[in-house]
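FYI, side chains are in, hydrogens and waters are out, and symmetry mates aren't considered; it's all heavy atoms of this structure.
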Amino acid sequence: MTPEDRAQKSAAAMWADDNASPWFGMELVEVTEGGATLALTVEPHHANGHGICHGGVTFSLADSAFAFACNSRNRNTVAQSNTITYIAPGRIGDRLTATAREISLTGRSGIYDVTVTNQNGTVIAEFRGHSRAIKGQLFEE
């Protein structure tokens, strides 16, 4: 099995059991070994009291992209810690895209950066996630 085939099969297994990401309205755009892209159109129910995309929605989009990237090798992997910096507001109607990329993978620990942009390429947020592999796989290999 190629690394790309493994990433695709891992993503399919995760997506099948992921209730949260589809509930938010996220779409899985692409998964590669160590990378993933998810997208979400900001709807009125995603807006906070200021009429902009709630930070928790932006965080969740970035976190889901991080999850698909760090699980792309068919090793059960969870978040150890995450941070996010909000740079610009997402607005109702915006198409937000979270692109995760692997920065480092050593043993069971990984570091991933996720950039969230809107349809114009404006950076909305920068997220860094630290992962930890645990026992198990997403599918039998």
Scan for salt bridge (Lys or Arg N to Asp or Glu O under 4.0 Å) pairs involving [range], sequence neighbours excluded, and state none if there are none.
range: residues 76-101; answer: Glu27-Arg95
range: residues 65-85; answer: Glu33-Arg73, Arg73-Glu102
range: residues 6-19; answer: Arg6-Glu141
range: residues 109-124; answer: Asp113-Arg128

Inset, instruction - Taking atom types as modelled, find out whether Ser21 and Ser64 have a side-chain donor-acceptor pair closer than 3.5 angstrom. - result: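 Yes, Ser64 and Ser21 have a side-chain donor paired with an acceptor closer than 3.5 Å.
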Legend entry - Trp15-Leu138 co-clustered via ILVMFWY side chain contacts under 4.5 Å: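 Yes, one cluster joins them.
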Smallest separation among heavy atoms of [X] and [Y], with atom names:
X: Leu38; Y: Phe68; result: CD1-CD1, 4.1 Å
X: Ala125; Y: Thr58; result: CB-CG2, 3.9 Å
X: Phe24; Y: Leu40; result: O-CD1, 3.1 Å
X: Gln137; Y: Glu140; result: OE1-CA, 4.4 Å
X: Gly110; Y: Leu105; result: CA-CD1, 4.1 Å
X: Ala100; Y: Ala69; result: CB-CB, 3.8 Å

Ring pair (Phe, Tyr, Trp, His ring centres under 6.0 Å): which pairs involve [range], sequence neighbours left out?
range: residues 28-57; result: none
range: residues 93-117; result: Phe66-Tyr112
range: residues 75-101; result: none

Inset, instruction - List for me each residue that meets side chain to side chain donor-acceptor pair (under 3.5 Å) alongside Glu126, sequence neighbours excluded, and say none if there are none. - result: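 Side chain to side chain donor-acceptor pair (under 3.5 Å) list for Glu126, sorted by chain: Thr115.
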Legend entry - Counterpart residues, side chain to side chain donor-acceptor pair (under 3.5 Å), relative to Thr32 (two or more places apart):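 Scan of Thr32 (side chain to side chain donor-acceptor pair (under 3.5 Å), adjacent residues dropped) gives none.
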Starting at [atom1] of [X], measure out to [atom2] of [Y] and round the result to the nearest 0.5 Å.
X: Thr77; Y: Asn71; atom1: OG1; atom2: CG; value: 4.5 Å
X: Ser131; Y: Asn76; atom1: OG; atom2: CG; value: 12.0 Å
X: Cys53; Y: Leu61; atom1: SG; atom2: CG; value: 8.5 Å

Inset, instruction - Each residue besides Val123 in its hydrophobic cluster should be listed here, by chain and number; the cluster joins Ile, Leu, Val, Met, Phe, Trp and Tyr at side-chain heavy-atom distances under 4.5 Å. - result: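 So far as hydrophobic clustering goes, Val123 is joined with Ile87.
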Legend entry - Residue list, side-chain contact (heavy atoms from CB on, under 4.5 Å) with Thr97, at least two apart or on another chain: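 For Thr97 the side-chain contact (heavy atoms from CB on, under 4.5 Å) partners, ignoring immediate neighbours, are Thr37, Ala39, Thr99, Thr117.
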Inset, instruction - Please list, chain by chain and in numerical order, all residues satisfying side-chain contact (heavy atoms from CB on, under 4.5 Å) with Thr106, sequence neighbours excluded. - result: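 Once residues adjacent in sequence are excluded, the partners of Thr106 under the side-chain contact (heavy atoms from CB on, under 4.5 Å) criterion are Ser104.
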Legend entry - Val42 vs Val57, side chain to side chain contact (heavy atoms under 4.5 Å, CB included): CA-CA, chis, key distance, verdict: CA-CA 9 Å; Val42 181; Val57 174; over 6 Å; no
Legend entry - Polar side-chain atom of Asn118 near backbone of Gly90 as donor-acceptor pair, under 3.5 Å: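 No, the answer is negative, given that no donor and acceptor are paired below the 3.5 Å cut-off.
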Inset, instruction - For the pair Ser72 (side chain) and Ala7 (backbone), establish whether a donor and an acceptor sit closer than 3.5 Å, ignoring hydrogens and angles. - result: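 Answer holds: no.
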Legend entry - Heavy-atom side-chain proximity of Met26 to Leu28 below 4.5 angstrom: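 Answer no - side chains too far apart.
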Inset, instruction - Could you give me the CA-CA distance, side-chain angles and deciding distance for Val31 and Ser10, then say whether side chain to side chain contact (heavy atoms under 4.5 Å, CB included) is met? - result: CA-CA 9 Å; Val31 178; Ser10 296; over 6 Å; no
